[in-house]
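If you're wondering where the values come from, they're calculated on a predicted model, not measured in any experiment. Lettering of chains follows the sequences in order, A, B, ..., and the numbering in each one begins at 1.
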2 protein chains.
Amino acid sequence: MELSSKSEYALLALLQLADRYQDDEPLQIRQIAADQDIPDRYLEQLLATLRRGGLVKSQRGAKGGYLLARSPWTISLLDVLRCLEGADANIADDGGQDRPLASAIIYEIWVEVDQAANDVLQRYTLQDLKDRRDARKQLDLMYYI
Amino acid sequence: MELSSKSEYALLALLQLADRYQDDEPLQIRQIAADQDIPDRYLEQLLATLRRGGLVKSQRGAKGGYLLARSPWTISLLDVLRCLEGADANIADDGGQDRPLASAIIYEIWVEVDQAANDVLQRYTLQDLKDRRDARKQLDLMYYI
DNA sequence: ACAAAACCCAGCGGAAAACCGGGGTATACT
DNA sequence: AGTATACCCCGGTTTTCCGCTGGGTTTTGT
């Protein structure tokens, strides 16, 4: 699992959506793109993917925009990344069959590595990120005074 | 940490070198490339990197080749990958400084993810790989009979 | 001397990632 | 009803990187 700009953009956007999860005022792409400094046309693609993945819902027309589809507590970082990479539609993920023995062994290890990484990503939800960010914000303020 | 062909090639080569770690007959690039089905010119680069990283030592001239620099028990998979990616010399690996807060938090999580992956890679040595491969080889033979 | 090998540097090609653009369609406000 | 707003779809372009290749040099064994 890599931290691509794609992943980061998606998480930033979702985080901002999580901030106003209570009221269901939708947020516009333009707004998010401007706030998070993301190319808006690109963000549009990502949000479309997240919508198809059921993480986000959209409202069309004037005053439209995007909302989080589920509560921030129920969306893990793994959910987000899987949604993004699942969209790329990795055709023919060979699953490590029919390799020379040594390669197969190496592949097995990598499955373990992936598992370990996913375990961490599974443990964090959008809400965790939000909380952590807000706590940090408070801390920074204290130092400032 | 990705499983690139680069990583896989390097591990396959090291594994073969580990096989004849006892005797110090050096192994030629050509030989390894042929056995493991790796483009030889590319393997050359990888071995050069591994040499600079101190994982492998070389003997120049006729009858020359490569040998493992240390015992297979002392070389972890993490050592190998670090050596390879360290060579790419990621100029200005910013370490996550000076980002907007939300980005910084995301970056922190990724450090944790990386850590989890590295922990796994740390635990496996070349010898472990070798043992596992050989055990599997025996098993396959039994099924064959 | 000659051949066999490692060494070094530099560049190429294709695929994936990141990023636009244009035209279409639904929705809200007046 | 009409119009402005913003999502929707789909394709094209740019940029970056990985895997790979070539040419020429240096070292060593016979």
#### Entry: Any Ser58(A) side-chain N or O less than 4.0 Å from OP1/OP2 of dA6(D)
no
### Message
If we count only N and O atoms by modelled type, under 3.5 Å, do the side chains of Gln138(B) and Asp134(B) hold a donor and an acceptor together?
### Response
no
### Task
Take the protein atom CZ of Arg52(A) and the nucleotide atom C1' of dC9(D), then report the distance between them rounded to whole Å.
8 Å
Distances for protein N or O near nucleotides 10-13 of chain D N or O, under 3.5 Å:
| residue | atom | partner | partner atom | Å |
| --- | --- | --- | --- | --- |
| dG11(D) | O6 | Gln45(A) | NE2 | 3.2 |

## Note on the structure
Side-chain atoms of Ala62(B) come closest, of dC20(C), dT28(D), dC7(C), to dT28(D)
### Query
Which residue, Ser4(A) or Gly64(A), contacts DNA chain C at a nucleotide closer to its 5' end, judged by nearest heavy atom?
Ser4(A)
### Task
Provide, to the nearest angstrom, the distance between the CD atom belonging to Glu8(B) and the P atom belonging to dG19(D).
10 Å
### Message
Side chain of Lys6(A), heavy atoms from C-beta onward: which of dG29(D), dA28(C), dA18(C) has the nearest atom to it?
### Response
dA18(C)
### Message
The side chain of Lys63(A) is closest to which nucleotide in this list: dA28(C), dC7(D), dC8(C)?
### Response
dA28(C)
#### Entry: Pair Arg70(B) + Asp79(B), salt bridge at N-O below 4.0 Å
yes
#### Entry: Per Pro39(A) side chain, nearest of listed nucleotides dG29(D), dC20(C), dA5(C)
dC20(C)
### Task
Send over the distance from Gln59(A) CD to dC8(D) C1', rounded to a whole Å.
15 Å
### Summary
Of the listed dG19(D), dA28(C), dC8(D), the closest approach to the Tyr66(A) side chain comes from dC8(D)
### Query
Is it the case that more than 12 heavy atoms not belonging to Arg30(A) sit under 6.0 Å from its CZ atom?
no
### Query
Between atom CZ in Arg30(B) and atom C1' in dA3(C), what is the gap in whole Å?
12 Å
## Note on the structure
Whole-Å distance, Lys57(A) NZ to dC8(D) C1', equals 19 Å
### Query
Taking for each residue the nucleotide of DNA chain D bearing the nearest heavy atom, is the 5' side occupied by Ser5(B) or by Leu47(A)?
Leu47(A)
### Message
Side chains of Ser103(A) and Glu8(B) only: does a donor on one sit below 3.5 Å from an acceptor on the other?
### Response
yes
### Query
Will you find, in the side chains of Ser71(A) and Thr74(A), an N or O donor that is under 3.5 Å from an N or O acceptor?
no
### Query
Whole-Å distance between dC18(D) C1' and Ile38(B) CD1?
16 Å
### Task
Provide, to the nearest angstrom, the distance between the CD atom belonging to Glu2(A) and the P atom belonging to dT16(D).
18 Å
### Message
So, does Tyr9(B) get its side chain near the phosphate of dC20(D), meaning an N or O under 4.0 Å from OP1 or OP2?
### Response
yes
### Message
Both Arg60(A) and Tyr42(A) contact DNA chain C. Taking the nearest nucleotide for each, which residue is further toward the 5' end?
### Response
Tyr42(A)
### Message
What's the closest nucleotide to the side chain of Ile29(B) if the choices are dA4(C), dA6(C), dA18(C)?
### Response
dA6(C)
### Query
Can a salt bridge be assigned to the pair Arg132(B) and Glu112(A) using a cut-off of 4.0 Å between side-chain N and carboxylate O?
yes
### Query
What are the two closest non-hydrogen atoms of Val80(B) and Ile75(B), and how far apart are they?
CG2-CG2, 3.9 Å
### Query
Over how many whole Å does the gap from Arg51(A) atom CZ to dC8(D) atom C1' extend?
7 Å
### Query
Between Arg133(B) and Asp19(B), does at least one N-O distance fall below 4.0 Å, as a salt bridge requires?
yes
